[in-house]
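Here is the structure we will look at, set down as structure tokens.
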Amino acid sequence: MSGNTDAEIRHIYERWHETITARDLDGLMALYAEDAMLETPLILATLPDRAKGILKGRTEIRPFFEAGLSKLQKNSARWYRTGLFFSNGRQLTWEYPRETPHGDQIDLVEVMDIANGLIACHRVYWGWVGFKTLVATLNDQAR
């Protein structure tokens, strides 16, 4: 995986957040490579027919975001981030912290491998507030 320019990294960092909060599915999908991989336990809650929290390729990733975006509340506190991110030219990482100026939110760390200016692999790690939310969702589905 070759390095990306600072502009390409910043573009992914800014556009991913802009498109997810605007519920812009086409804009969001344009950030992913055709053969990208997405890994998050939210897949199990959003697409209950899935046995793994891994999706491969835009054709699998798109329905996940489509279902998720239709359920999202328009709540800016849910998507608060500090503006701080880390990158080495190949990997991009940032946090949606639990504690925000507007109170607690679901806490996530986004880790993306970037290749040729696109997201090649996207992993989402959940903090304790997010974990409790996921468990409650999965328990509701089991009933």
Side-chain angles (χ1 to χ4, degrees), residues 1 3-33 35-115 117-143:
M1 191 172 12
N4 299 274
T5 67
D6 289 345
E8 288 171 324
I9 295 294
R10 181 165 290 283
H11 173 76
I12 295 293
Y13 173 73
E14 291 174 356
R15 285 296 296 155
W16 194 91
H17 182 78
E18 290 167 4
T19 57
I20 198 82
T21 57
R23 301 177 191 205
D24 176 3
L25 182 60
D26 291 334
L28 183 64
M29 294 312 304
L31 300 174
Y32 286 84
D35 61 347
M37 184 177 78
L38 174 64
E39 186 172 348
T40 174
L42 186 58
I43 292 166
L44 302 175
T46 305
L47 303 173
D49 59 320
R50 296 298 229 163
K52 291 183 180 180
I54 300 171
L55 300 171
K56 294 182 181 178
R58 282 188 193 162
T59 57
E60 289 188 7
I61 295 170
R62 186 179 184 89
F64 165 76
F65 280 120
E66 194 168 38
L69 290 175
S70 71
K71 295 176 186 178
L72 287 179
Q73 299 174 6
K74 286 206 173 195
N75 181 348
S76 60
R78 170 157 168 54
W79 294 103
Y80 171 81
R81 60 186 189 169
T82 64
L84 185 63
F85 68 90
F86 301 95
S87 177
N88 63 3
R90 291 185 307 272
Q91 193 171 75
L92 169 63
T93 303
W94 76 86
E95 174 186 27
Y96 289 98
R98 173 195 53 80
E99 189 175 23
T100 79
H102 309 290
D104 286 354
Q105 71 177 355
I106 292 176
D107 41 351
L108 306 169
V109 174
E110 306 279 351
V111 179
M112 298 174 178
D113 297 339
I114 311 298
L118 296 172
I119 301 165
C121 184
H122 180 185
R123 295 168 305 283
V124 184
Y125 298 100
W126 292 67
W128 68 270
V129 172
F131 175 76
K132 286 175 37 177
T133 303
L134 280 173
V135 169
T137 301
L138 290 169
N139 285 340
D140 287 346
Q141 288 177 353
R143 291 181 197 158

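Geometrically, R23 does not engage F65 in a cation-pi contact, judged by NZ or CZ lying under 6.0 Å from the ring centre and within 45° of the ring axis.
A salt bridge links R123 with D113; the closest basic N to acidic carboxylate O contact falls under 4.0 Å. Contact check on K132 versus D107 returns no salt bridge, with no Lys/Arg side-chain nitrogen under 4.0 Å from an Asp/Glu carboxylate oxygen. Electrostatic pairing of E39 and K56 does not count as a salt bridge here, judged by no charged N lying under 4.0 Å from a carboxylate O.
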Original post:
Is there a side-chain contact (heavy atoms from CB on, under 4.5 Å) between Y80 and Y96 once you walk through the steps?
Top reply: CA-CA 6 Å; Y80 171 81; Y96 289 98; 5.9 Å; no

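Distance CG/L38 to CZ/F64: 5.5 Å, rounded to 0.5 Å.
Of the possible polar contacts, none joining the N4 side chain to the I9 backbone as a donor-acceptor pair under 3.5 Å is found. Q105 places a side-chain N or O within 3.5 Å of a backbone atom of P97 that can act as its donor or acceptor partner. Put simply, the side chain of T100 never gets that close to the backbone of D104: no donor and acceptor are under 3.5 Å apart.
Using a 3.5 Å distance cut-off with no hydrogens or angles, the side chains of W94 and T82 do not pair a donor with an acceptor.
Nearest heavy atoms, A36 versus Y32: CB-CD2, 3.9 Å. In this structure, L55 and I43 approach most closely via the heavy-atom pair CG-CD1, 3.5 Å.
Inter-residue side-chain proximity for T93 and V109 is flagged as met; some heavy-atom pair is nearer than 4.5 Å.
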